[in-house]
Amino acid sequence: MHHFQYRGDQLMCEEVPIDRIAQEVGTPFYLYSHATLTHHFRVFDQAFADIPHIVCFAMKANSNLALLKLFADLGGGADVVSGGELYRALKAGVPPGRIVFAGVGKTREEMDYALKSDILMFNVESSEELRLLNEVAGSMGVKARVAIRINPDVDPKTHPYISTGLKKSKFGIDISVALEEYRVAEELPHIQVVGVHQHIGSQITEVTPFVDGLVKVTELIVKLRQRGFTIDYLDVGGGLGITYKDENPPVPRVFAEALIAVVKDLGCTIVLEPGRVIVGNAGVLVTRVLYNKSTPAKHFTVVDAGMNDLIRPSLYGSYHSILPASRKAGKETVVTDVVGPVCESGDFLAKDRSMPVTDPGELLVVMSAGAYGYTMSSNYNSRPRPPEIMVKGDRYFTIRERESYEDLIRGEQIPPEL
Ligand code: LLP
């Protein structure tokens, strides 16, 4: 359920016509619906109401401070993967006790920062990382709370770039050697084992891979407890998929029921790291048609947003539905590639899409762009990044300004020797 719906021929975000925002802020821009964000967070959180849990929003999906603050106020925490994300989470007011830190390449400086911030726990991915974390915590005279990320070797049946729980992946510690790894942790004086972590991939549209992974992890927790480990937290990661086109992922309640059935007797606090399912369909990218271009081979709709603004179609071949902000009757249908201004053939938002012909100046709305949209954007081709706008009811707010040309060169210097 989301609040981007037509009223007559106008596509609205909640109570505001998207066309009106475009006239006032220019294009392209990202647009989020407050009501949708709130609804998605609450539905997900409430699905786990029967067990102790923390929803640590995976902020790699969308790290805008306004969204982080909204989720923090709803009781959420944050799953961070860098010092930069930790900085944002703290700035937005996420309580450190609800922050978990994942990632295969944490640096000494990042560990130091997270320990000083007193976050809930580190999700550790290798023996070497464990040893370095022990050293950093030791130098500060503290203990680092740790969950070890287990690679359960299950196939999440998603795009290979976002599958993370297969044996060949760089993530986590192979489940077959997990017990040894926990023994290593036990020997380290500045490490306090508190949990187990798994995250098997993203845009997963079935419950089975989650359950298969969790069954294995649950067996591991039983063994760890037999050996005297205290396991208070089971972090089940993120990964629940959304509908971009015709996918039919389980709704959060069905997802939660399946997971709770596996973990309910463990007595652990369950940490959840949803990203896409909260924000994906709560955001869109609004772009303006610049030109129609026909070649002997194809038709192109050239728009003012490119792969630097939304890279998912270019990088993963992802499908994003594209709708006109104002529907016009009697338009012919055309099969077109919706392409941006960037100098790469990979710069497209849609390929061979059948849609009504749009004239220059018309607005197109790229749906389901709230997750991994702005966060993966870049300045490629020296294109200033678009603003982010949030609608709440009949009002809207700029939650990040459009970048200027000055922003593009910030920090650059021409040495006097040149
Ligand atoms: N936890 C960890 C440790 C993760 O690595 C991720 C995502 C999540 C949670 C959140 O997963 P989600 O609930 O959003 O599926 N750029 C790609 C997605 C990359 C996902 C990386 N990790 C895309 O645009 O599809």
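Bear in mind that the values here come from a model prediction, so they are computed numbers and not experimental data. Heavy-atom basis, side chains included; hydrogens, waters and symmetry copies ignored. Whatever order the structure lists them in is the order used to number ligands and atoms, beginning at 1.
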Atom 14 (O) of ligand 1 sits nearest the protein heavy atom Y372 OH, 2.6 Å
Atom 19 (C) of ligand 1 sits nearest the protein heavy atom I162 CG2, 3.5 Å
Under a 4.0 Å threshold between the charged nitrogen and the carboxylate oxygen, would D79 count as salt-bridged to K60? yes
Mutual orientation of the aromatic rings belonging to F101 and F122 [parallel < 30°, tilted 30-60°, perpendicular > 60°]: parallel
Using heavy atoms and a 4.0 Å limit, tell me yes or no: is A371 in contact with ligand 1? no
Which atoms of ligand 1 sit under 4.0 Å from any heavy atom of D79? 1 (N), 2 (C), 9 (C)
Side-chain contact test, heavy atoms from C-beta onward, threshold under 4.5 Å: evaluate it for V263 versus L266 and give yes or no. yes
Answer with yes or no whether the side chains of H320 and R312 bring together a donor and an acceptor at under 3.5 Å. yes
Please could you name the atoms of ligand 1 that E273 approaches to less than 4.0 Å, counting only its heavy atoms? 1 (N), 2 (C), 3 (C), 8 (C), 9 (C), 10 (C), 13 (O)
Do any N/O atoms on G239 end up under 3.5 angstrom from N/O atoms on ligand 1? yes
At less than 4.0 angstrom from any non-hydrogen atom of G275, what atoms of ligand 1 do you find? 12 (P), 13 (O), 14 (O)
What do you reckon, does R276 have a nitrogen or oxygen under 3.5 Å from a nitrogen or oxygen of ligand 1? yes
For the residue pair T301 and T336, confirm or rule out a side-chain donor-acceptor distance under 3.5 Å. yes
With a 4.0 Å cut-off on N to O distance, would you call R108 and E135 a salt bridge? yes
Ligand 1 to R149 polar contact by distance, N or O atoms, under 3.5 Å: no
When you check the gap from the basic side-chain N to the acidic O, do R253 and E257 get nearer than 4.0 Å? yes
Once you measure the plane-to-plane angle for F41 and F71, does it fall in the parallel (<30°), tilted (30-60°) or perpendicular (>60°) bin? parallel
Is the shortest distance from a Lys or Arg side-chain nitrogen in R288 or E362 to a carboxylate oxygen in the other one below 4.0 Å? no
Using a strict threshold of under 4.0 Å (side-chain N to carboxylate O), is an ion pair present between D50 and K264? no
Who's the nearest protein heavy-atom neighbour of atom 24 (O) of ligand 1, and how far? R312 NE, 2.6 Å
Y316: numbered ligand 1 atoms lying under 4.0 Å from its heavy atoms: 16 (N), 17 (C), 23 (C), 24 (O), 25 (O)
Check: P274 N/O within less than 3.5 Å of ligand 1 N/O: no
For atom 8 (C) of ligand 1, the protein heavy atom that lies nearest, with its residue and separation: H199 CE1, 3.3 Å
Minimum distance, heavy atoms only, to atom 21 (C) of ligand 1: which one of Q198, K60, Q203 is it? K60
Show which atoms of ligand 1 fall inside a sub-4.0 Å distance from at least one heavy-atom site of A58. 8 (C), 9 (C), 10 (C)
Mark up the atoms of ligand 1 that fall under 4.0 Å of a heavy atom belonging to S202, in ascending order. 11 (O), 12 (P), 14 (O), 15 (O), 18 (C), 20 (C)
